[in-house]
Amino acid sequence: MAKITLVEAVNLALAHALEHDPSVVLLGEDIGPNGGVFRATAGLQERFGEQRVLDTPLAESMIAGLAIGMAAMGLKPVAEIQFSGFVYPTIDQIINHAGRLRTRTRGRLTVPMVLRTPSGAGIHAPEHHSESNEALFAHMPGVRVVMPSSPQRAYGLLLAAIRDPDPVVFFEPTRLYRLHKQEVEDSGEPLPLDTCFVLREGRDLTLVSWGAMIHETLEAARVLADTGVEAEVIDLATLSPIDYETILDSVARTGRLVVVHEAPRTAGLGGEILAEVAERAGYDLAAPPVRVTGYDVVTPLFKLEHDFMPSVARIVAGARRVLEG
Amino acid sequence: MAKITLVEAVNLALAHALEHDPSVVLLGEDIGPNGGVFRATAGLQERFGEQRVLDTPLAESMIAGLAIGMAAMGLKPVAEIQFSGFVYPTIDQIINHAGRLRTRTRGRLTVPMVLRTPSGAGIHAPEHHSESNEALFAHMPGVRVVMPSSPQRAYGLLLAAIRDPDPVVFFEPTRLYRLHKQEVEDSGEPLPLDTCFVLREGRDLTLVSWGAMIHETLEAARVLADTGVEAEVIDLATLSPIDYETILDSVARTGRLVVVHEAPRTAGLGGEILAEVAERAGYDLAAPPVRVTGYDVVTPLFKLEHDFMPSVARIVAGARRVLEG
Amino acid sequence: MPTIVAHFDVPFVRCLDPEGRVVDDLPAVASDTEALRAMFRAILRVRLFDAKAVALQRTGQLGTYASCLGHEALHVGIGSALRPEDAFFPTYREYGTQLWRGVRMSEILLFWGGDERGSAFADQPHDFPWAVPIGTQTLHASGAALAFRLRREPRVALATVGDGGTSQGDFYEAMNAAGVWSLPVIFVVVNNRWAISVPLAKQTAAQTLAQKAIAAGIPGVQVDGNDLLAVRAVLDEAVARARRGEGPTVIEALTYRLSDHTTADDARRYRGKEEVERAWAEEPVVRLRRFLVERGLWTDAEEKRWTERCQEEIEEAVRTYLGTGTPPLEDIFDHTFATLPAGLAAQRAEALAARESTPHG
Amino acid sequence: MPTIVAHFDVPFVRCLDPEGRVVDDLPAVASDTEALRAMFRAILRVRLFDAKAVALQRTGQLGTYASCLGHEALHVGIGSALRPEDAFFPTYREYGTQLWRGVRMSEILLFWGGDERGSAFADQPHDFPWAVPIGTQTLHASGAALAFRLRREPRVALATVGDGGTSQGDFYEAMNAAGVWSLPVIFVVVNNRWAISVPLAKQTAAQTLAQKAIAAGIPGVQVDGNDLLAVRAVLDEAVARARRGEGPTVIEALTYRLSDHTTADDARRYRGKEEVERAWAEEPVVRLRRFLVERGLWTDAEEKRWTERCQEEIEEAVRTYLGTGTPPLEDIFDHTFATLPAGLAAQRAEALAARESTPHG
Ligand SMILES: Cc1ncc(C[n+]2csc(CCOP(=O)(O)OP(=O)(O)O)c2C)c(N)n1
Ligand SMILES: Cc1ncc(C[n+]2csc(CCOP(=O)(O)OP(=O)(O)O)c2C)c(N)n1
Ligand SMILES: [Mg+2]
Ligand SMILES: [Mg+2]
């Protein structure tokens, strides 16, 4: 079993799905002969043909709208949006139709589609290529939002997303695409979409994060461990609907919560999680919870992107704040 | 001074702006001879001409994109989106350009535009006409989000929004359009976009809400008052950026917080406010804060819309929860 | 002197003039007596239904309703040209097509009565529900057609879109996709001259809406949408082409919105009486009736009997509608996802509890 | 037999063939010797700049960069046809136009070097910055043109959009708006045959991209975009029409992306060498040079001198760029709104403090 990167794990999951389910169809810009600008679909058109892996015209609302029509007619489309800054034209179709068709028709029509898109900053990309906009989708009823943070989870969660009978927006953290390798068995085993993953156990405080920031969050946990503080690290993984049981269980033990995300702070998912924890477990909290997030500014071009993304130091400082109360 | 409704106050503010600032131009679907489907622009084209009040083709991305181009060239466009369910095609233009152009060009180009749109349920409207999606816009850097809850505030806040040098998304609660009348002086006086409004003072708990739900929230405060509980009621009014000083000041006194909104709960603005208060004033809280919100479902068609919108009873129950701790 | 590198014509098809006189070759269906009569009956049926729905709204028994008055021939033309396995993607007015394809009258009323069960279509498995966000349905149709094409099914997708809807980017994206993959999809542009209060001249500078097809490199044709036979002529050809794998067609159907935009609208604010009167002279029922009566295919007596039967059916549908009551509150939770997530289950319980303590009308 | 109700031709204009031979009437500017020489110099200048930018990226001194190799005549044609008070709405490749209109080389490098100050354009007050979200800029151009029209200013807005960009709904919405209000706007479709890896045939079934104008009822014309004189011929006419208040034009300029899509792309994955070689035979510099040299308007010696001057200018720009350093962190906060809201002020302070404790490169 070879060690592979996250983007290779995405490719592996897509190949597995194409191989085992004839209703799976990939569509997107440059996913065919070019294999996707990040190579997530490399080799797939060659292997599965132009009927299964479709290069589309350049139009994101179109990609989403086509996928809805395809899904409602029984296919399982997996659509790629090339960068997260270009996902906005899909929002109308996703919120007004993908997430609604089941309830609008009381189950008569459903939309088992996946919308894959890269997410986040940190790869020196051009303007509009580095946004984190998962919170917009997490606010949409009827839509699942998922973001893996390792090759194994990318593989298992993507398979689960493709098999899920409802629409899933699947964010892939570009910064992790090639950062780590991990052994990934091509077992076809999905990972559950209704639980977070506890990546590290700890009794002193709970760090919740997702996507690329898991990397800094784990690093912060290691830095804290050096000072004798044991942080529990939870990868949210499925960002909507959120598995609060795991989080509340952890906070019940640690009494301290820090949520870390790259997206802007205001109306980000950190607010959602702090609020729910405060609401449901306020008395468990030994100290006010803390958010460590991107600022409420446009993701800067790359000369300043590292000042925008929460650093290990900022996470550690947040943890200290919550530890000192 | 006549008493007028909220929609008439909107009309009055628009007329005032058109009258006093030649760079103000209105555009939108059916805002001309028809005066807008809610009559917000009634009579304005007749009075100010087709060069100032423009009926547009039917395309919301177009309306937003045109407004950006107009604004960057020195006009002050006030665009109307006919119902909030149709605002989604504007998101790409609003987040990628309206909210970014200033920082992208380091102040060389700016976008002093207003995007007006109705918001919320409760008027027995057809499908897709009853959504509350303010949280999506509140997550966008560089964009102000405003929602008035009375004729006076509609007048003053809309004037302020039009004069503001940056983009403002202005939500008008349809349920309040004709519900109350209030004396509104056509003074041209704007209201500030950086403070909430304390509508009722109280020492026992803080109720924060906005838009149409202010109505139920005030009613809940009256119900509570009957039982001897004095609730402070804060109209958030400017939903982004949020005036936390007023909220924190109130919570410091009351120790108890309930946020009420009609939008779905997950990743709604209630989460944002609870989180910020928990983070900055966690020790002031005598009891876990509470959100009373719409559910995480598609706004139902009108037979069930009243079950979706937070009722006075649900707000009172939320208040009791936070009072009893 | 520039050379000409591309060249396009937009044809217009009409078979019957407003007086019901034959003015061009008739399509094959014109010699199928029973088909003609069935279509005319369907036209009358939807007109009667539509009038009742407006009346229900006027008497406070229905929410806002969008009348299809004047569009009936087009609707029935579409319905009768398709097969059951084809898929239809309507806007919010195409009751004539929907009734033909198995949607129940009571479902239409439920939808406008604020009840999602109106889109559950007990007898129509795969057609899309009404698309209120203008233009979005055109992409669903192209997506469905892409599914048919990929699975090699001989099915056709058909979307309607209004004259106003042709201004939406989605429509162009849908046509363009259809062109690229030569999809079995038909876009019928229902040019009823108005988008609420905006007349066609303020909607676009295009002389015809059929020519919008040229942008996608696909055929576009204009048809008299009040002339059932012309509608069938162009549709039969478009459907046959699509089914043979020869690709998409755009059909601009000229008709007129004889009603207000919806019952919430007052068209007198923005359009003159004369224009509406002129439009009445071209409406679809009279000409087809004349055509049929002159050929001995329809009689006043028959029309009276048929009208009565329709009225009975309509009354029955209204009773079903009015008797349906409020949907179960659980439904709004239980159909959000295939399986209820934990958080939503809690909200469901909360909602049911709230309903207990403060029941609504 | 259907009647024909509308009829359209798409003209194609070329003045110089790839060998620089005159094949059609020349525009007025062709007799303005100094203008011709200035345009040719500008073409050489941007080609030299572009090569340097690619080299900077290859040596790790610039971020991802989108080369304009092969588009230079079109860019300079656009730049020279406009007046300073007109407004330009580019995609991300139109350096030739931008340099003509006062954008600095160092600004272009700053932008691709990850620095917002690259879009601050010290010498160009109102042109839009690069539009990376494909197609969106076309609406800004129509909006600007609407502003000009409402204020009765004799200004013209011009947007470029790629062949791929013509698939975006925004483009149709922009053209349609331009048609409705007869706006002084020009859309130049830069048909370089590829949208990253997607060839034109997979982008649209339309035989030409000029015909997309027909959907909006506005004139569309195709031009050899590698032929500066043809570009000026069609642009001069379109600009004059727009300035006279006669409305918009769509110009499809046929050119070729001789480079990879960006420096992050490897075009060998999806297109053959022969195609690129054929395209090199049609590139814009050679034919204009021949035309000028044959008329005694340009010499090798001049080209050598000019090349040297450009290289100096470019080196100076590179020095400025490389010497610019990281923008002040405050800027990302201070330009979010005209005035800094309280919450953002706190975040600004936090960011500056974080920078203090863990400084970055
Ligand atoms: C995206 C969107 N914008 C606005 C509306 C509000 N609206 C409903 S119908 C309508 C006019 C539609 O005109 P047209 O497409 O010609 O269809 P018609 O009503 O004439 O059948 C408008 C603007 C909407 N439903 N969807
Ligand atoms: C909305 C959007 N979707 C996707 C992209 C990614 N992308 C950048 S350039 C490009 C191809 C553009 O092709 P074309 O319009 O022909 O312009 P060209 O690059 O050939 O100049 C794509 C898909 C983008 N920038 N914006
Ligand atoms: Mg219409
Ligand atoms: Mg291209």
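Remember, it's a predicted structure, so these values are computed and weren't measured experimentally.
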Among D/C15, D/S182, D/P11, which residue forms the greatest number of heavy-atom pairs with chain C at distances under 4.5 Å?
-> D/P11

Of the listed D/V10, D/V234, D/D170, D/D24, the one with the largest count of heavy-atom pairs under 4.5 Å with chain C is D/V10

Measure D/D9 against the heavy atoms of chain C and call it side chain, backbone, both or neither at under 4.5 Å.
-> both

Heavy-atom pair count under 4.5 Å with chain C, highest-scoring of D/L209, D/N176, D/T208 = D/N176

So which of D/G220, D/G179, D/A206 has the largest heavy-atom pair count under 4.5 angstrom toward chain C?
-> D/A206

Side chains of C/R232 and C/S80: donor-acceptor distance under 3.5 Å anywhere?
-> yes

Exam field: side chain C/E153 to backbone C/F148, donor-acceptor pair closer than 3.5 Å | no

Distance-only polar pair, side chains of C/N192 and C/T255, donor-acceptor under 3.5 Å = no

What is the ring orientation for D/H140 with D/F128, classed by angle as parallel under 30°, tilted 30 to 60°, or perpendicular over 60°?
-> tilted

Fit a plane to each ring of C/Y270 and C/W194, take the angle between them on a 0 to 90° scale, and name the class: parallel (under 30°), tilted (30 to 60°) or perpendicular (over 60°).
-> tilted

Nearest heavy-atom contact between C/A174 and C/S142 is O-OG, 3.0 Å

Which one of C/A6, C/A233, C/P2, C/A177 has the most heavy-atom pairs closer than 4.5 Å to chain D?
-> C/A6

Side chain, backbone, both or neither: which part of C/Q211 has a heavy atom under 4.5 Å from chain D?
-> both

Against chain C, label D/T3 side chain, backbone, both or neither, depending on which of its atoms sit under 4.5 Å from a heavy atom there.
-> both

